Amino acid sequence: MTEHDYAEMAARLDRYADVPNDVLANVVTRDGLCFWAFDRAGMPELTGDDPPDRELAARLCSGCPVIDECLELDLRTAGADTLGVWGALPDTDRRALYPLWLRRRGGEAR
């Protein structure tokens with residue numbers, strides 16, 4: 001992914017800037033495929049390698065109706081300390097996205 005890709009993602013998430021965390025959490029846990037369509041204990045783990053992790057994240061989240069809401073929630077709650085798959089992205093991509101997302105919200109990376 002490029003810096004431009006991350007910038008576009010961060011801009012797309014602006015529509016959730018005013019949505020409270022509890023509302024996002026309720027939507028994600030109610031509608032997120034990973035919360036009801038999979039056995040979370042049996043989900044594959046990330047390898048730490050970008051191409052395979054991106055493919056795994058995309059596959060796990062394929063068809064999920066709340067990908068952006070999930071991504072927004074993780075960026076807010078985990079930030080740079082994120083792990084696993086959230087919002088159809090592996091943690092390495094979310095760590096790269098986080099500073100751009102945070103700047104759009106008027107903050108600085110921690």
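What you are looking at is a predicted structure, and each value in this text was computed from that prediction instead of being measured.
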Closest non-hydrogen atom pair, Cys70 against Gly87:
SG-N, 3.2 Å
Checking Arg94 side chain against Leu89 main chain: does a donor-acceptor pair fall under 3.5 Å?
yes
Quick one, Glu69 and Asp31 - any side-chain contact, counting heavy atoms below 4.5 Å?
no
Can you get from Val19 to Ile67 by hopping between Ile, Leu, Val, Met, Phe, Trp and Tyr side chains that sit under 4.5 Å apart?
no
Closest approach of Arg76 and Tyr16, non-hydrogen atoms and distance?
NH2-O, 2.5 Å
May I ask you to decide if Asp22's main-chain N or O and Asn26's side chain share a donor-acceptor pair within less than 3.5 Å?
yes
Would you please test Arg105 and Glu72 for salt bridge (charged side-chain N to carboxylate O under 4.0 Å, His left out) and show each step?
CA-CA 12 Å; Arg105 301 299 167 88; Glu72 173 72 21; 2.7 Å; yes
Between CG on residue Leu75 and OH on residue Tyr98, distance to nearest 0.5 Å
8.0 Å
With distance as the sole test, does Thr29 use its side chain to make a donor-acceptor pair with the main-chain N or O of Ala25 at under 3.5 Å?
yes
Donor-acceptor check, side chain of Thr77 to backbone of Leu73, threshold 3.5 angstrom: yes or no?
yes
Would you name the heavy atoms of Asp93 and Tyr6 that are closest together and state the gap between them?
OD1-OH, 2.6 Å
Using the rule that two of Ile, Leu, Val, Met, Phe, Trp, Tyr join whenever any of their side-chain heavy atoms come within less than 4.5 Å, decide whether Leu102 and Leu13 are in one cluster.
yes
Given Cys61 and Leu33, is the side-chain contact (heavy atoms from CB on, under 4.5 Å) satisfied, shown in steps?
CA-CA 7 Å; Cys61 299; Leu33 288 180; over 6 Å; no
Measure from the side-chain N and O atoms of Asp74 to the backbone N and O of Leu71, and report whether any donor-acceptor pair falls under 3.5 Å.
no
Report yes if the side chains of Leu60 and Cys34 come closer than 4.5 Å at any heavy-atom pair, otherwise no.
no
Closest approach of Arg95 and Ala80, non-hydrogen atoms and distance?
NE-O, 3.3 Å
Kindly indicate whether the side chain of Leu100, heavy atoms from C-beta on, has any atom under 4.5 Å from the side chain of Met9.
no
I need the minimum non-hydrogen distance between Cys64 and Gly32, along with the two atoms involved.
SG-CA, 3.8 Å
